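The structure under discussion appears below in the form of structure tokens.
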Amino acid sequence: MILAALPTAANAAGGLEVEADFAIEEGREVVKIGEPFKFVVIAKHPPGGIALLPSPLDLGSAVEERASARQHLRNVEGDVEIDRYELELIAFDRGLVTIPSIPLALGATTAATAPMELTIESGFEGEELAAVSSTEAEAMQALETLVAQNPPPQAVMVDDWTLFWVLGAVLLLGLVLWAARVVAKRREAAKPAPPPPPPRPAHEIALEALSALRSAAHLERGDHKTFYTELSAILRAYAGGRWSFDSLDLTVDELIDILRARKTDGLDLDKMTHLLRLADEVKYAKFVPSPKDGEVLLDDAVGLVNATRTQQRPEAEA
């Protein structure tokens, strides 16, 4: 049984203080399997940044988060900024369940909540609960008791040729498919396969996507979140394609660390970092820059791609 007032799990590191707590609705005393419940993570830190929560969360096999229900709220108390994440969790195991540590990052500073435990009860009641929680022999006896109220079915024996017709149809269909496959293979073997098209350079794909983003006019309609989300995705995809690594699911710090370790001639890492961090603030902190700022960032993104695009070899030009 979980009550509304529970102890808070907290931790702190380098000016980033995080805490977590359950938020059970008033009047609700039990968390059951399959029923969502609230879990709140709060990060307090100096002003000038956003404490980012990973998405998705790794909570193990017993608990999962409904990512679509996550809410992020920001507040200021004196010289302290507060990022509040309201999560909706669902438990799938009955008994004592542990909510593992949940990390947050403020730039290069990270901190995590302490693990917390809660008891999850089954949604079964009465005779059903006795059946699922008993031993195998007891469960069989309980299940027989549950169904004993229904009269036993009466069997009526008739000649049924359905199985033979089904087997014959399956055999005939198998022969037809086998013959068609043999003919198709012979035809494919008789003609040479066309060579695959060469892969498109990463800068062509990125410049094409940036041009489409400019034409979409999201900023003119006030849709800043869509604009910055697409801008961040284009830059991430270009970095991964240009320098050959999986870049879409990395945090900004992880992506920049990989780029810093590679040979990236012409890449302005500071400008790249600024673009990605600003996009995250718009996506997660509801920060709203001016349309002019968006146009400038879009021009900067085009400049980053052009400055690091793959150089065409002389023989290819000839």
Side-chain angles (χ1 to χ4, degrees), residues 11-16 18 43 45-59 67 72 83 85 100-113 198-211 213 227-285 287 289 293-294 296-316:
N11 200 351
L16 174 61
V18 298
H45 55 83
I50 303 172
L52 298 179
L53 189 69
S55 180
L57 293 177
D58 184 8
L59 300 175
H72 178 206
D83 289 299
Y85 292 91
S101 296
I102 298 178
L104 289 95
L106 179 66
T109 302
T110 60
T113 65
R200 294 183 65 195
H203 67 266
E204 288 186 7
I205 300 174
L207 291 175
E208 186 175 287
L210 290 171
S211 177
L213 179 60
F227 174 84
Y228 282 92
T229 299
E230 293 183 8
L231 179 61
S232 175
I234 293 170
L235 288 177
R236 288 173 175 272
Y238 171 69
R242 176 63 178 84
W243 289 286
S244 304
F245 66 98
D246 188 2
S247 59
L248 296 180
D249 295 328
L250 299 177
T251 65
V252 175
D253 290 335
E254 291 171 344
L255 187 145
I256 296 302
D257 287 343
I258 292 177
L259 292 175
R260 186 174 286 111
R262 296 177 181 239
K263 184 179 180 181
T264 56
D265 294 338
L267 177 61
D268 188 340
L269 284 174
D270 291 337
K271 184 175 292 185
M272 185 80 164
T273 304
H274 173 70
L275 285 171
L276 295 177
R277 288 197 187 283
L278 184 59
D280 280 353
E281 289 185 5
V282 176
K283 289 190 296 182
Y284 302 118
F287 174 70
D293 291 338
V296 171
L297 291 178
L298 185 57
D299 292 338
D300 289 343
V302 173
L304 284 173
V305 174
N306 283 324
T308 56
R309 60 190 296 169
T310 305
Q311 299 300 321
Q312 192 174 27
R313 297 180 180 178
E315 55 270 22

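As the structure is a computational prediction, the values presented were derived from the model and not from experiment. Positions are given from 1, in the same order as the sequence printed here. All values below were derived from every heavy atom in this structure, side-chain atoms included, with hydrogens, water molecules and symmetry-related copies excluded.
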Requested in this report: Begin with the C-alpha distance, continue with both residues' side-chain angles, and end with the deciding distance and a verdict on side chain to side chain contact (heavy atoms under 4.5 Å, CB included) for His274 and Asp300.
Outcome: CA-CA 10 Å; His274 173 70; Asp300 289 343; 5.9 Å; no
Query raised in the report: What do the steps show when you test Glu208 against Ile205 for side chain to side chain contact (heavy atoms under 4.5 Å, CB included), and what is the final call?
Result: CA-CA 5 Å; Glu208 186 175 287; Ile205 300 174; 5.8 Å; no
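Remark: Arg277 CZ to Asp253 CG distance equals 4.5 Å, nearest 0.5 Å. A distance of 10.0 Å separates OG in Ser211 from CD1 in Ile234, rounded to the nearest 0.5 Å. Note that the CD1 atom of Ile50 and the CZ atom of Phe287 stand 9.0 Å from one another [nearest 0.5 Å]. Atoms CG and CG, from Asp83 and Leu104 in turn, are 8.0 Å apart once rounded to the nearest 0.5 Å. The OG1 atom of Thr310 sits 4.0 Å away from the CZ atom of Arg242 when rounded to the nearest 0.5 Å. Rounding to the nearest 0.5 Å gives a distance of 5.5 Å between CG of Leu276 and CD1 of Ile256.
Annotation: side chain of Asp58 is not in contact with side chain of Pro100 (no heavy-atom distance under 4.5 Å). Residues Ser55 and Tyr284 form no side-chain contact, since every pair of their non-hydrogen atoms from C-beta on lies 4.5 Å or further apart. Counting heavy atoms from C-beta outward, Thr251 and Leu52 have side chains that stay 4.5 Å or more apart. Between Thr229 and Val282, the closest side-chain pair of non-hydrogen atoms is not below 4.5 Å. Arg260 is listed as a side-chain neighbour of Asp257, based on a closest heavy-atom distance under 4.5 Å.
Although no hydrogens or angles enter the test, the distance criterion places a donor-acceptor pair under 3.5 Å between the side chain of Ser247 and the main chain of Arg236. A donor-acceptor distance shorter than 3.5 angstrom exists from the side chain of Ser101 to the backbone of Thr113, with no hydrogens or angles considered. Judged by distance alone, the side chain of Glu204 and the main-chain N or O of Pro201 form no donor-acceptor pair under 3.5 Å. With Thr273 contributing its side chain and Leu269 its backbone, the two residues share a donor-acceptor pair below 3.5 Å.
Using a 30° and 60° split on the angle between ring planes, Tyr238 and Trp243 fall in the perpendicular class, above 60°.
Between Leu53 and Tyr85, the shortest heavy-atom distance links the atoms N-OH, 3.5 Å. In terms of heavy atoms, Ala279 sits closest to Ser232 at CB-CB, 3.7 Å. Residues Leu248 and Ala233 approach most closely at CD2-O, 4.3 Å, considering heavy atoms. Closest approach of Ala239 to Met272, counting heavy atoms only: CB-CE, 4.0 Å.
Of the charged side-chain nitrogens involved, at least one lies within less than 4.0 Å of a carboxylate oxygen, so that Asp280 and Lys283 count as a salt-bridged pair.
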